[in-house]
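Naming convention: chains lettered A, B, ... in sequence-line order (proteins, then strands); numbering from 1 in each chain.
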2 protein chains.
Amino acid sequence: MGDLKKIHISLTKPDREMLKAIYRLSKGGGFAHTGALADAIGLSPGTVTTTIKRLAERDLLEHQPYRGVELTTAGRRAAVSAIRRHRIVERFLSDMLGYAWNEADRLAGAFEHELPQEVEERMFVAMDRPATCPHGFPIPDPDVSHIPEMPTLYALEPGAEAVVAVPGSTDPEVVKFLDAMGLRPGVRVLIKEKHPFDGPLVMRVAGQDRTIGEKVASQIFVRVLSDSDDGSNGSGKLKEQPA
Amino acid sequence: MGDLKKIHISLTKPDREMLKAIYRLSKGGGFAHTGALADAIGLSPGTVTTTIKRLAERDLLEHQPYRGVELTTAGRRAAVSAIRRHRIVERFLSDMLGYAWNEADRLAGAFEHELPQEVEERMFVAMDRPATCPHGFPIPDPDVSHIPEMPTLYALEPGAEAVVAVPGSTDPEVVKFLDAMGLRPGVRVLIKEKHPFDGPLVMRVAGQDRTIGEKVASQIFVRVLSDSDDGSNGSGKLKEQPA
DNA sequence: GTTGACTTTTTGAGTACCCAAAACAATAAT
DNA sequence: ATTATTGTTTTGGGTACTCAAAAAGTCAAC
């Protein structure tokens, strides 16, 4: 409703990181707690508290002392815009400079904050408006306050088809394992069986049957394919979908 | 060519800007003065003094109170490396994102400071190691402490051939005029006559004879061409020159 | 319901950064 | 040579950012 005027808020690096972390930790709804934020960003709890208070004064979040924080709509919009920028920069590093998808995450964090929003937008169009970051997560539209949730691989039922996305924070050992299985960002999978009681999952990846356990399958996010979808979003580009 | 271990000094944004400004203001040799630095960077004189003292403690420059500052070799190397980064980022904005050469300067300054040196290097190779920035000034090698001087257009004698370079700080009106004359960065000129007593300069630009006054000609820098040179450095790319 | 464990906030301390204005040094003018 | 001008440095004041450690609050266990 009241986006009276879209005054583009200027945020500092710690502010942005904070908003992103809060968004991540509270996307299920509910509060993000100081301690969790502290080790998500790598700051001391005291620093988190003061940063939070600064942001609360700008109405980007609500702080219930000793209880936690919750983003306001403006805060959520700012967080999503920070995430958008991060993912665009990741794509740039991967598409235009040839970095591997797991390196892009690290490097993007280093300079995304100072990047003029204007340049971010040009990067985006220069890459033909990619739909996802190199990890396979969607690049949200500007000025939205929500990014669609993605289920994990293990949440799928047999018969479902999906495109995989692997978080940047994934343990390198796990990444190596996934790579050997062909489970890279953007790859298309078809679920064949799921054994009961948290049992393993059988699926078809790149023409081969693969079995993975619940532990790993729950760490992989997916975009479920509708019938008309061809899965090209993950690694390629996509401008608009036919109605 | 050993990119072995360069103890890369970590400099903050104001520090880098300061070093760049000092280099610029003292490249003829001699001192840079506080006041000149203050309005070159847009800081108050007091701030300049404190910044200078911080840099002096790191042995990047020598400060003679009330007299001025002079870069040490380490300081000059740091300054050149900052300039190198600036010019690479400018080229990136111009070549890969399509910004005009006079816009690139402004935007580069905004985010060059946080750019990991690693990414800077990749940009450089991704653009096939360009020889100059979009303004026509050379991109120096890493770890050198000096950038070759360029004469101004007005310093040339009849018969000389050169490639033009236009500073980013040039007055927009002048830029418009130069553009109408075809005097863009990278363009090749041949000097035909120079009238005495600071009189006008006649030259051949893109197949046409042009005459400009001393005032303007003294603001344009040039790279003088040797006989074998073809002048393609300015707007195009160049890896290495045949011996 | 008091105790103890845990978390969060506050406090104290330090750096980097900035400015305006007072104090100071060097130079130019009389 | 004293004064005035100019330029530089210092001082005092402010914000943002960080931490470690002290104080305060919450909650669960006894």
Side-chain angles (χ1 to χ4, degrees), chain A residues 8-22 25-26 30-71 75 78-79 82 109-114, chain B residues 8-22 24-26 30-71 75 78-79 82 109-115:
Chain A
H8 226 264
I9 324 128
S10 99
L11 291 165
T12 63
K13 174 169 159 165
D15 289 350
R16 279 172 174 279
E17 282 309 322
M18 187 60 73
L19 290 172
K20 282 202 290 186
I22 297 170
L25 293 182
S26 66
F31 293 79
H33 298 279
T34 303
L37 288 168
D39 33 80
I41 321 184
L43 292 176
S44 75
T47 306
V48 171
T49 302
T50 35
T51 305
I52 275 173
K53 290 179 96 169
R54 201 160 3 99
L55 293 169
E57 232 139 71
R58 299 176 65 177
D59 290 316
L60 295 169
L61 51 82
E62 266 178 77
H63 182 206
Q64 248 131 45
Y66 294 102
R67 284 285 141 87
V69 290
E70 207 170 13
L71 294 175
F111 78 98
E112 62 184 12
H113 301 289
E114 301 297 322
Chain B
H8 223 266
I9 326 131
S10 99
L11 292 166
T12 63
K13 173 169 160 168
D15 290 349
R16 278 171 175 279
E17 281 310 319
M18 187 62 71
L19 291 172
K20 280 202 290 187
I22 297 170
R24 229 179 306 134
L25 293 182
S26 67
F31 293 79
H33 298 278
T34 304
L37 288 168
D39 32 79
I41 322 184
L43 291 175
S44 75
T47 306
V48 171
T49 302
T50 36
T51 305
I52 275 173
K53 290 179 96 170
R54 200 156 8 95
L55 292 170
E57 231 140 70
R58 298 175 66 177
D59 290 315
L60 295 169
L61 51 82
E62 266 177 77
H63 181 205
Q64 248 132 45
Y66 293 99
R67 284 283 141 88
V69 290
E70 207 171 14
L71 293 175
F111 79 96
E112 62 186 14
H113 302 289
E114 301 297 323
L115 195 71

Quickly work out the [X] [atom1] to [N] [atom2] distance and round it to whole Å.
| X | N | atom1 | atom2 | value |
| --- | --- | --- | --- | --- |
| B:L11 | C:dA16 | CG | P | 13 Å |
| B:R54 | C:dG14 | CZ | C1' | 14 Å |
| B:L55 | C:dA16 | CG | C1' | 12 Å |
| B:H113 | C:dA16 | NE2 | P | 18 Å |
| A:D39 | D:dT18 | CG | C1' | 17 Å |
| B:K13 | D:dA16 | NZ | P | 16 Å |
| A:L43 | C:dT9 | CG | P | 14 Å |
| A:M18 | D:dT18 | CE | C1' | 12 Å |

_Check: B:H63 side chain, B:G68 main-chain N or O, donor-acceptor pair, under 3.5 Å_ = no
*Reckon B:T50 touches a base, only the sugar-phosphate, or nothing at all at heavy-atom distances under 4.0 Å?*
nothing
*Is any side-chain nitrogen or oxygen of A:T47 closer than 4.0 Å to OP1 or OP2 of D:dC19?*
yes
*Short side-chain N/O contact to D:dA16 OP1/OP2 from A:T51, under 4.0 Å*: no
Could you write out each protein N or O paired with an N or O of nucleotides 7-9 of chain D at a distance under 3.5 Å?
{"from": "D:dT8", "atom 1": "OP1", "to": "B:T34", "atom 2": "N", "distance (Å)": "3.3"}
{"from": "D:dT8", "atom 1": "OP2", "to": "B:G35", "atom 2": "N", "distance (Å)": "2.8"}
{"from": "D:dT8", "atom 1": "O3'", "to": "B:Y66", "atom 2": "N", "distance (Å)": "3.4"}
{"from": "D:dT9", "atom 1": "OP1", "to": "B:H63", "atom 2": "NE2", "distance (Å)": "2.6"}
{"from": "D:dT9", "atom 1": "OP1", "to": "B:Y66", "atom 2": "N", "distance (Å)": "3.1"}
{"from": "D:dT9", "atom 1": "OP2", "to": "B:T34", "atom 2": "OG1", "distance (Å)": "2.9"}
{"from": "D:dT9", "atom 1": "OP2", "to": "B:T49", "atom 2": "OG1", "distance (Å)": "3.0"}

Say you draw a straight line from [atom1] of [X] to [atom2] of [Y]; how long is it, rounded to the nearest 0.5 Å?
| X | Y | atom1 | atom2 | answer |
| --- | --- | --- | --- | --- |
| A:L71 | A:L25 | CG | CG | 10.0 Å |
| B:T51 | B:L43 | OG1 | CG | 6.5 Å |
| B:E57 | B:L55 | CD | CG | 10.0 Å |

_B:K20/B:E17 salt bridge by N-O under 4.0 Å criterion_ = yes
*asked:* Could you work out, with salt bridge (Lys or Arg N to Asp or Glu O under 4.0 Å) as the rule, every residue matching B:E70, not counting sequence neighbours?
replied: none
*For side-chain contact (heavy atoms from CB on, under 4.5 Å), just list the numbers for A:R16 and A:E112, CA-CA rounded to whole Å, side-chain angles, deciding distance to a tenth of an Å, and then say yes or no.*
CA-CA 10 Å; A:R16 279 172 174 279; A:E112 62 184 12; over 6 Å; no
